[in-house]
Amino acid sequence: MSFEFLALFIRVVAQLFIYIVIASALLSFFLPPYHPIREVLGRIVDPFLNPIRSLMPRTGMVDFSPLILIFAVEILSRIFISILLSI
């Protein structure tokens, strides 16, 4: 397995996870919390969002934790990819 393939795999997984975070955040405006789609997305995303939510100050009805998670995933994936491609 080449490092370029592994870098591409990391990029695809990071993008897929970002799309799931965006879908979870958008569906929270339209679907009730116990809708099956929201529950599935919540099982994927909530383990990563809950630590961020516990660190962030309360901002009323607006939750900025998905935005922080997207930035973190993007930065980490770029760091991993640059390390892999520099080897």
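Computed from a predicted model, the values in this text were never measured in an experiment.
Leu6 and Val13 fall into different hydrophobic clusters, where Ile, Leu, Val, Met, Phe, Trp and Tyr residues are linked whenever their side-chain heavy atoms come under 4.5 Å apart, directly or through other members. If you chain together hydrophobic residues whose side chains sit under 4.5 Å apart, Leu16 and Phe9 never meet in one group. Linking Ile, Leu, Val, Met, Phe, Trp and Tyr residues whenever their side-chain heavy atoms come within less than 4.5 Å places Ile87 and Leu85 in a single cluster. By the criterion of side-chain heavy atoms lying less than 4.5 angstrom apart, applied directly or through intervening Ile, Leu, Val, Met, Phe, Trp or Tyr residues, Val45 is grouped together with Phe64 in one hydrophobic cluster. Linking Ile, Leu, Val, Met, Phe, Trp and Tyr whenever their side-chain heavy atoms come within less than 4.5 Å leaves Ile70 and Leu55 in two separate clusters.
Between Ile22 and Ile18 the shortest side-chain heavy-atom distance falls below 4.5 Å.
A salt bridge is absent between Arg38 and Asp46; no separation between the charged side-chain nitrogens and carboxylate oxygens falls under 4.0 Å.
Here the straight-line distance linking atom CD1 of Ile37 with atom OG of Ser24 works out to 11.5 Å at 0.5 Å rounding. One finds the CG atom of Leu41 at 6.0 Å from the CD1 atom of Ile44 (value rounded to the nearest 0.5 Å). In this structure, CD1 on Ile20 lies 11.5 Å from CD on Gln15, to the nearest 0.5 angstrom. Distance check: Ile81 CD1 to Arg11 CZ gives 5.5 Å after rounding to the nearest 0.5 Å. Taken to the nearest 0.5 Å, the OG atom of Ser54 stands 9.0 Å off from the CD1 atom of Ile52. A distance of 11.5 Å separates CG in Leu8 from CG in Leu84, rounded to the nearest 0.5 Å.
The minimum heavy-atom distance between Ser82 and Ile79, with the atom names listed, is OG-O, 2.9 Å. The minimum heavy-atom distance between Gly42 and Pro47, with the atom names listed, is O-CD, 3.8 Å. Taking every heavy atom of both residues into account, Glu39 and Pro33 meet most closely at CG-O, 4.0 Å.
Scanning for salt bridge (Lys or Arg N to Asp or Glu O under 4.0 Å) contacts around Arg78 gives Glu74, with sequence neighbours left out. Phe48 is linked by a side-chain contact (heavy atoms from CB on, under 4.5 Å) to Phe17, Leu69, counting only residues two or more places apart in sequence or in another chain.
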